[in-house]
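All values below were derived from every heavy atom in this structure, side-chain atoms included, with hydrogens, water molecules and symmetry-related copies excluded. Throughout, a chain's letter reflects where its sequence line sits, starting with A, and its residues are numbered from 1. Source: prediction; values computed, not measured.
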Amino acid sequence: MAAAPPLLEARGIRKAFPGVLALDDVSFRLGPGEVHALVGENGAGKSTLIKVLTGVYQPDRGELRLGRKQVAFATPLQAQRAGISTIYQEVNLVPQRSVAHNLLLGREPRTRLGVIDLAGLYDAATRTLSQYGIRVDVRRPLRSLGMGAQQMVALARAVSTEARVVIMDEPTSALEPREVDTLFGVIDRLRGQGMAVVYVSHRMEELYRICDRVTVLRDGRLAHTGPLAELDRLKLIAVMLGRDVAEVRERGTTTFSGDHEVRGGPLVEAKGLSRRNLLNDVSVTVRPGEVVGLGGLLGAGRSETAKAIAGAFPVDAGTVLVAGRQAGRATPAARIRAGVSLLPEDRKAEGIVPALSVRDNIALAALPRLSSAGVVSEAKIDRIVDTFVRRLRIKVTSPHQKVSELSGGNQQKVLLARWLATGPKVLLLDEPTRGIDVGAKAEVQALIEELAAEGLGVLLISSDLEELVEGADRVVVLRDGAVVGELAGGQVTESAIITAIAAGGGDD
Amino acid sequence: MTELTAVPVIDKARLLSWLQQYGVYLAVLVLLLFNVLFTPHFLEPANFRTQLIQVAPIVITSLGMALVIGTEGVDLSVGSVMALSSAVVVLYLGYGAGPAIVVALLAGALVGTGGGALVAYVGVQPIVATLALLVGIRGVANVLVPQLREFRNPTLIWLGSTSVAGLPLVVAIAAALTAVVAFVVRRTVFGRQLVAVGSNRAASELSGLPVKRILVSVYAVSGTLAAVAGILATSRLQASDPTSLGLLMELSAITAVVVGGTPLSGGQVRVLGTVMGALLMQLLSATLIKHNLPQSWTQMVQAVIILAAVYAARGRHP
Amino acid sequence: MTSFRTLAVLSLAAVLAAAGCAKGESTASGPEPAAGDGRQVASTPSAAGPACTLEKFGGQPFDLTKDMVGFSQSEKEANPFRIAETKSIKDEARKLGVGNLRVTNAQSQFSKQISDVQQLIAQGAKLLVIAPLNSDGWEPVLAQAKQKKIPIVTIDRKINAEPCTDFLTFIGSDFYEQGRRAADQMIAALGGKGEVAILLGAPGNNVTTDRTKGFKDRVAEKAPGIRITFEQTGEFTREKGQQVTEQLIQSRPGTNGIYAENDEMALGAVTALKGAGKSPGDVKMVSIDGTRAAVQAIVDGWLHAVVESNPRFGPLAFETARKFAGGQEIPANVVISDREYTKENAQSSLGQAY
């Protein structure tokens, strides 16, 4: 392996932005047939490095080599032409057109008359996809496919354009477990063909399933590079965080400490929430100081339950009581006034307001309280923003920085701050740690602890079973929009949750 | 001399971003300088008065347009609303200028509210909803006042021709409205909320913002401002001419907003930039007229400026 | 949803209320023009072009009182010219006892005018009077009319086709001549020298082109002392006329005369002059059309003269048709004689202006 010349190599890369040194003398080697994990906390320099490799940024210093040749990419297109393809979290295709058109966009087979040869197109597309174990009707519009299948099309498109290097940035964040398996199958095949894959993910188990080597970045510098097998999970996290292995071992990989002290009667009671085909008589209760987990697979109705409680998902039947009283009309505004706040799952689509500053994002939901007679009070906003930026340790150059410039973890903290600023009684957290780096994840988990200790009720949705088990006092398991089990105290284990999901009646 | 060649390399994206935000000020400055040097009688106060008077209705309409565009919408009905308010104001002059103006403003607000309701509650795309109004409201205005109608009402004529301390009342009104809109955008809850709605509607809804009410209000404000512009234009012309008044005003307003640095993708409102955008277009047209050059050139230069603005806007989001 | 419905109902109610409660200014309007006043007179009834007869055209005689007559108007009746034009056709038809007159309006859309006329043909019109929006693009209509031998009289604008073959004849003003006569008035007003500005009509319109060329040609041949220093379009509207004039008088204070290619722009210019503190007569103005408001402006001293462009085509159009049906010869162009309004006759002619 070490003998083979690297496919892509970066040497001594330095890239600075005003006020930030994003990459400082970073080197990176990618050999053929290698799946290389690129990890680090947010702000460590991963995305900058990827952008340098793909021609989005030009390095201030250092060189790129493709094979034995030194190269410089002025644009992403040049990098793509040189054989470096990138799969982003969001699929960059044309959703209205057919799968086949998307797959072969710009390279459609033509008839002698120069018209697109449709039969040939569908045929070629079907063949290409089946190579990767994907079986779909290629004539259907791309958008009719699930997110996972769309991503597979994007991947197939990338690797069929004679790519030699494929860079995958959080490719599994929108995928179902079954789709993840398919993806990994494809990656294996690419490896077999001698291609190289750069794999960026926050999901530890995935890294260990698929990656050969790992490069860890920390604060813009190279922290470690080598075979992944030499680094166990604890060590890897320790390297990423720059902490002691012993410290990590002692505190576990989540920062949850165990059970919480539950005080008093129910804070929020959702009873019999129902909506045709989506929710079926779901009831959930959260008491002060309690963290209640919602377990289940994708599409089980977890997000819908949380949104229904928050007034953002219309239900046909069911009531929501907050502190024993009717929680007002089923609108987010009314529920926020009643003390219910929802941190939505899709941070980008439903959470951050990209055009606004960090400060305005934090103040957004609480504006009516931070104003008088419709005129905002800058002093009040400054005070509350200052409080939360400090308390949540949000890393910003100034509160006036655009929120879109922050890393995912910091954006998530901004959203948490937005909700805490409304003075909620209950927090509904939908995947609060998904897609954020290890450090931020630990901080968010610690914050959940802290808030529960202060007497807030927390409803926690997480696909990360470990997080659910360690964080929640009680777990309500959903399946097909209905409650299929409830676990409390010592019953809350990963295997118990999995059993509940599997045993929850019905067949699939 | 050769030492001067070591020019620092300027980051292209940052330059474009700067140009998008402040390019319009630079362009106005350049045009002013050109006129000072090459246009006779340019520095006379009468000239500035003329330009400001002529641009006032465009500025007022553009303010409303900027708010609508801030919500990721567009209001194509403004020109027709100007015609409607012009028709209504002369139709009601029998009750006196005050009541006639109030009714005309209400008419504008009502059309805006209707458009906003279509957008917010029915979910019609802004461009479609307001296009329907563009056609329909012009029709209503033509039915109300089928041909140019002159009026003699001294109050209404006074409104369009008087000056306060050397400043034409029309210009003072435009300036005051600019100040009010700037205040609303910068300092009020409504201003912050409308920008949030334009940047991310789903997030705004989940954050408890009254999204639908905000949208309706924004279009109502745009309609009202267009009505103000229509009334002022009418008072200046001393006649109501719904067939031609405000024709293509929607395009002038959108141009002013875009050239002023407000992105069409919403989430941002640049009030002063918009005013500068309107001034730039006015100065451009005035410059060509004063130098007796064909007005078709104005349109061509405008096209170039719009393209430049759009290009600069693209540079902001690499 | 309910609130939307409420809004819709409210809007509708408000529009109805707006129309219902309207109360306009009570201004003393001038006397209605007496019928027959200001009717058109053909200046060249038989001189221009080869003559056409029923026999040569190949049609059958028609009876105006029984057969259907179609009139296709090009633009909305929103300006005095179009209003007077349509009214004149209708009034004359009533006077002559035309039994079946169908009037259409293309609302300034050429495609609509084509389909309007095609429908009139399909409905069985035996005579077509057309005020064309464009000069070109009439081939499909002309072919259909020719097949059915329907005579077409075009009024106020020409179409590019063969008279007596594709259509019967054109009745209208000579816009070039109007421009020349406006120049004569301007030359007289300025005593043959000075700086003159032109407020052009809408660009790309043959009326604009002819009125400009006529004016310039005449000035060049008769008054070399007059310099045309400024030409900007006012698009035939009062508002643009006002705005362009405001720019003009500020940056070229030496301008002695303004030639406006229609009355609306001239009246806009008057508003601009008033706004700049000028007195009547400070800048000599000549315009074309002869609307009531413009003739009144002559009386008030703001305009020096107005060359008329007579819109009352009714009598001449039907007279031409009657002659044709009766077997008489019809010229290819019936050019009407337009009169002039000046200080001498403005007051007394006010009643005849449209």
Given that the side chain runs from C-beta out, which part of [X] has a heavy atom under 4.5 Å from chain B: side chain, backbone, both or neither?
X        : result
C:Thr271 : side chain
C:Lys240 : neither
C:Pro203 : neither
C:Ala276 : neither
C:Leu248 : neither

Applying salt bridge (Lys or Arg N to Asp or Glu O under 4.0 Å) between C:Glu246 and each of B:Lys290, B:Arg236, B:Arg49, report the one that passes. B:Arg236
Whether over 12 other heavy atoms sit under 6.0 Å from C:Lys90 NZ: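 Check fails, neighbour count at 12 or below.
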For B:Arg213, is the CZ atom crowded, meaning more than 12 foreign heavy atoms sit under 6.0 Å from it?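 Check fails, neighbour count at 12 or below.
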Is the closest side-chain donor-acceptor distance between B:Glu44 and C:Gln250 under 3.5 Å?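 Note: B:Glu44 and C:Gln250 side chains meet the donor-acceptor criterion.
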Do the side-chain N and O atoms of C:Glu231 and B:Asn292 include a donor-acceptor pair separated by under 3.5 angstrom? no
Under 4.5 Å heavy-atom distance to chain C, tell me which part of [X] shows up: side chain, backbone, both or neither.
X        : answer
B:Leu245 : both
B:Ala233 : side chain
B:Asn142 : side chain
B:Ser161 : neither
B:Leu84  : neither
B:Ala239 : side chain

Is a donor on one side and an acceptor on the other found under 3.5 Å between the side chain of C:Gln247 and the backbone of B:Gln51?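 Not a single qualifying donor-acceptor pair exists.
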Mark yes or no for whether B:Gln54, through its side chain, and C:Gln243, through its backbone, hold a donor-acceptor pair below 3.5 Å.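 Answer holds: yes.
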Chain B interface, residue from C:Gln232, C:Glu239, C:Glu235, C:Arg82 that has the most non-hydrogen pairs under 4.5 Å: C:Gln232
Is any side-chain heavy atom of C:Pro253 closer than 4.5 Å to a side-chain heavy atom of B:His41?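 The answer is yes, as the side chains (C-beta and beyond) meet within the 4.5 Å cut-off.
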Quick one: do C:Arg292 and B:Glu150 make a salt bridge, cutoff under 4.0 Å? no
